[in-house]
> 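The following block contains the structure, expressed as structure tokens.
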Number of protein chains: 2
Amino acid sequence: MNLKQLSHMLSLSQTTVSRALNGYPEVSEETRRRVMDAAKRHGYRPNPSARRLATGKSGMIGYVLPTGNAVDIDPHFVEFLSGLGDYARSHELDLVLSPADADDEETTYRRIVANRQVDAVYISSPRPADKRLALVNTLGIPFIVHGRSEGFDFDYPYLDIDNEGAFHEAARLLVQLGHKRLALINGNERETFAIHRERGMRRALAASGLTLGERHIRSVAMTEENGYRAARRLLEENEPPTAIACSSLIMALGVVRAVRDLGLTIPGDLSLVAHDDVFPWLRPENFPVPLSTTRSSIRLAGARVAERLAARISGLEEGARGEVWPVDLVVRGSVAGAPT
Amino acid sequence: MNLKQLSHMLSLSQTTVSRALNGYPEVSEETRRRVMDAAKRHGYRPNPSARRLATGKSGMIGYVLPTGNAVDIDPHFVEFLSGLGDYARSHELDLVLSPADADDEETTYRRIVANRQVDAVYISSPRPADKRLALVNTLGIPFIVHGRSEGFDFDYPYLDIDNEGAFHEAARLLVQLGHKRLALINGNERETFAIHRERGMRRALAASGLTLGERHIRSVAMTEENGYRAARRLLEENEPPTAIACSSLIMALGVVRAVRDLGLTIPGDLSLVAHDDVFPWLRPENFPVPLSTTRSSIRLAGARVAERLAARISGLEEGARGEVWPVDLVVRGSVAGAPT
DNA sequence: AGAGACTTCCAAAGCGCTTTGGCTATCTTA
DNA sequence: TAAGATAGCCAAAGCGCTTTGGAAGTCTCT
């Protein structure tokens with residue numbers, strides 16, 4: 001059942017039927033009702049390929065997925081996706097993942113824009129002066145950044161959590177508990193979120209005349225193993241830290257294991273705080289010692305990004321609005337006063 | 001630059017240019033070369049929307065993503081995706097995720113097929129007599145199942161690992177080590193993989209005149225917390241199992257925690273084997289006691305599924321070929337002889 | 001009653017590709 | 001040498017929608 005048949009059936013022109021269906025004003029209410037009725041009755045659904053050719057709109061949002069043998073997709077991605085999908089579903093939006101060579105995402109961005117494959121894209125895990133940002137900005141496709149970049153002379157729309165504030169608060173708490181030697185096991189130092197977290201922590205320390213020594217910062221990919229290694233190296237120093245802030249629950253698993261291996265205890269010898277993106281399958285309250293966290297649901301972020309993308313596509317949102325979500329600091333058993 | 005302009009430029013008809021570009025035989029080699037040259041020189045790329053309207057082919061593969069507030073996307077998904085994306089990239093295939101109400105995926109399947117949004121789909125985590133399978137089979141869209149179903153009167157193409165064999169081997173080893181009371185912490189009992197694993201284990205036990213009591217099987221969603229709970233319940237019984245097989249590393253984390261909480265040790269009091277899908281961020285060799293596993297890379301499976309989907313789309317693969325991958329049993333420190 | 005302004009509808013021209021159904025040479029074959 | 005086959009190309013008709021540029025009819029106002 002296509003438009004032609006439907007309009008024949010109604011003794012109307014395709015124009016009128018199309019307009020009636022798409023809510024244009026130049027059609028009488030009565031006619032519109034007739035058309036709508038017939039469309040529903042016959043289960044007419046406009047052919048998206050045709051519509052897309054005519055309008056250039058695809059009804060899809062895009063994500064360029066870096067791939068490659070050495071490239072691991074972040075497990076956070078799936079939770080973000082849950083949220084995104086949840087919203088997208090209610091708006092009949094599909095998501096297209098365009099795999100790209102991790103060393104050359106530009107080609108893929110150019111392709112999906114040139115081909116008008118998607119109406120909008122989102123970008124995640126941005127770095128300072130991230131090329132992708134500059135690119136989509138000049139390409140002129142609607143987009144939203146999940147996270148933030150830095151060092152651009154233009155503004156852009158983003159959704160980010162207050163990473164700096166979160167780690168500032170966490171560090172401040174630890175300092176108040178008497179800790180003087182803090183350490184940070186961070187994610188990839190080239191990503192903005194990691195920079196912000198470090199910044200927040202430094203600021204909290206500075207406020208009490210303390211500093212975060214270079215030796216006390218580890219920037220690594222967020223795996224259990226890296227958490228373990230980083231923690232061991234930190235704890236086996238001469239003057240080991242008495243508190244660690246850690247950028248992910250998965251790394252925190254490794255930290256806990258390292259502490260055990262060294263015969264130490266949490267929070268007796270070491271206080272530990274980690275950032276929690278809220279996974280259903282790994283919860284901080286279930287750590288051997290319940291883990292204090294800075295918490296922000298990445299799933300909700302996904303839903304919000306989808307919502308804003310939809311708004312941008314339909315022209316409801318414009319400009320370069322940045323949105324920063326506060327982060328909860330949830331204190332559990334893994335922090336205590338500094339050992340004396 | 002579109003086909004019209006290009007053909008004008010070459011003083012050829014659109015027909016000929018189109019045919020030259022798409023490798024049809026009724027065009028001379030010389031002309032073809034001229035066309036190819038010009039196309040490359042001017043960076044001509046056929047408009048996919050137009051091509052799609054004309055041919056009905058989209059160059060995309062689809063996945064229906066169940067969503068909803070209560071629905072958690074499996075973290076395995078992201079690893080599978082890595083593999084899929086890796087292959088898809090090299091073939092300029094995009095992946096479209098169509099979010100669906102978890103309680104009504106059928107509507108979404110029908111939509112993407114009716115709209116010809118994708119050329120093929122894959123289905124994951126199938127159950128026995130899975131409705132989605134029957135549906136895509138009648139809808140006639142090319143598909144591949146990742147996993148297996150059961151109880152259909154038709155065959156279908158799938159890629160699965162030998163779950164039954166894997167758990168059979170694992171259980172056999174445990175029995176040989178003298179264990180008599182085994183337990184299984186399984187995934188969702190309604191999914192085929194879980195059924196197969198249980199079957200494999202039962203078979204191994206039966207071969208030695210042992211059985212797997214109902215009390216010794218737990219079927220739960222694969223989270224750390226569920227692993228913990230299941231393990232506690234098992235270990236706090238009168239005659240607790242001396243060996244546990246566990247369907248995922250994440251649950252195994254919980255099992256390890258439970259063992260610790262109860263003041264027991266691995267492998268002294270309990271031998272533990274888990275299935276490992278090979279995540280980069282959580283590795284069995286890094287468990288407090290290196291974990292014995294049945295191992296199969298889900299990432300490779302993703303790549304293979306993509307490969308076969310591509311083959312089906314281009315007509316290179318036909319029929320209902322099932323492919324079952326063997327699973328490695330990797331023995332590490334977490335198994336030992338049964339306590340006496 | 002006639003001019004202007006709406007309202008409501010339509011025919012037809014795109015969007016950019018593929019594919020059908022020829023048409024014209026050139027080449028075989030008997 | 002005439003008839004049939006083949007190679008190489010083209011015009012035009014789709015694919016199914018949106019949108020432009022009217023046209024006809026109805027109202028309103030002077």
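Just the heavy atoms: all of them, side chains too, but no hydrogens, waters or symmetry mates, feed the values below.
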> Please classify the nucleic acid contact of Ser11(B) as base, sugar-phosphate, or nothing, using heavy-atom distances under 4.0 Å.
sugar-phosphate
> Salt bridge between Asp72(A) and Arg299(B), side-chain N to carboxylate O under 4.0 Å?
yes
> Rounded to the nearest angstrom, tell me the gap between atom NE2 in His8(A) and atom C1' in dC9(C).
16 Å
> So, Glu29(B) and Arg32(B), do they make that salt bridge, N to O below 4.0 Å?
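Yes.
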> Quick one: Arg19(B) CZ to dT19(C) C1', roughly how many Å, whole number?
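Taking CZ of Arg19(B) and C1' of dT19(C), I get 7 Å after rounding.
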> To the nearest 10 degrees, what angle separates the axes at the start and end of the helix from dA1(C)-dT30(D) to dA30(C)-dT1(D), five pairs each?
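Answer rounded to 10°: the end axes differ by 40°.
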> Has His42(A) got more than 12 heavy atoms of other residues, nucleotides or ligands less than 6.0 Å from its NE2?
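More than 12 within 6.0 Å, yes.
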> Knowing that exactly one of Ile112(B), Ile123(B), Val96(B), Val118(B) qualifies, which makes a side chain to side chain contact (heavy atoms under 4.5 Å, CB included) with Val64(B)?
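Between Val64(B) and the candidates, side chain to side chain contact (heavy atoms under 4.5 Å, CB included) is satisfied uniquely by Ile112(B).
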> Listed in order of residue number, which residues of residues 20-40 of chain B have a non-hydrogen atom at under 4.0 Å from DNA chain C?
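Nucleic-acid contacts, sorted: Asn22(B), Tyr24(B).
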> May I have the distance from Leu12(A) (atom CG) to dC10(C) (atom C1'), rounded to whole angstrom?
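Atom CG in Leu12(A) sits about 10 Å away from atom C1' in dC10(C).
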> Starting from C1' on dC10(C), measure out to NZ on Lys4(A) and report it in whole angstrom.
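After rounding, the reported distance stands at 15 Å.
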> If you go through the side-chain atoms of Ser18(A), does one of them form a donor-acceptor pair with the base of dT19(D) closer than 3.5 Å?
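Counting by modelled atom types and ignoring angles, no donor-acceptor contact under 3.5 Å is found here.
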> Nearest of dC17(D), dT18(C), dC10(C) to any side-chain atom of Thr55(B)?
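For the Thr55(B) side chain, the nearest candidate turns out to be dT18(C).
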> Rounded to the Å, how far apart are Leu53(B) CG and dT19(C) P?
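Rounding to the nearest Å, CG of Leu53(B) and P of dT19(C) are 12 Å apart.
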> Tell me, for nucleotides 23-28 of chain D in 5' to 3' order, what letter each nucleotide earns: B for a base near a protein heavy atom under 4.0 Å, S for only sugar-phosphate near one, - for neither?
------
> Using atom CG of Asn47(A) as one end and atom C1' of dG16(D) as the other, report the distance to the nearest whole Å.
6 Å
> Please say which of Trp325(B), Tyr122(B), Phe77(B), Phe80(B) ends up in a ring-ring contact (aromatic ring centres under 6.0 Å, His included) with His146(B).
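Only one of Trp325(B), Tyr122(B), Phe77(B), Phe80(B) forms a ring-ring contact (aromatic ring centres under 6.0 Å, His included) with His146(B), namely Phe80(B).
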> Would you say Ser13(B) reaches dC10(D)'s phosphate, i.e. side-chain N/O to OP1/OP2 under 4.0 Å?
yes
> Check the angle between the aromatic planes of Tyr156(B) and Tyr158(B) and answer parallel, tilted or perpendicular using the 30° and 60° thresholds.
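Aromatic pair Tyr156(B)/Tyr158(B) classed tilted.
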> Can you name the closest pair of heavy atoms from Ala134(A) and Phe154(A) and give their distance?
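Looks like CA-CZ, 4.0 Å.
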> Report the residue (Ala50(B) or Thr15(B)) whose heavy-atom-nearest nucleotide on DNA chain C is the more 5′ of the two.
Ala50(B)
> Is the closest side-chain heavy-atom distance between Ser98(B) and Arg111(B) below 4.5 Å?
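Ser98(B) reaches Arg111(B) side chain to side chain.
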> Between atom CG in Asn115(B) and atom P in dC17(D), what is the gap in whole Å?
10 Å
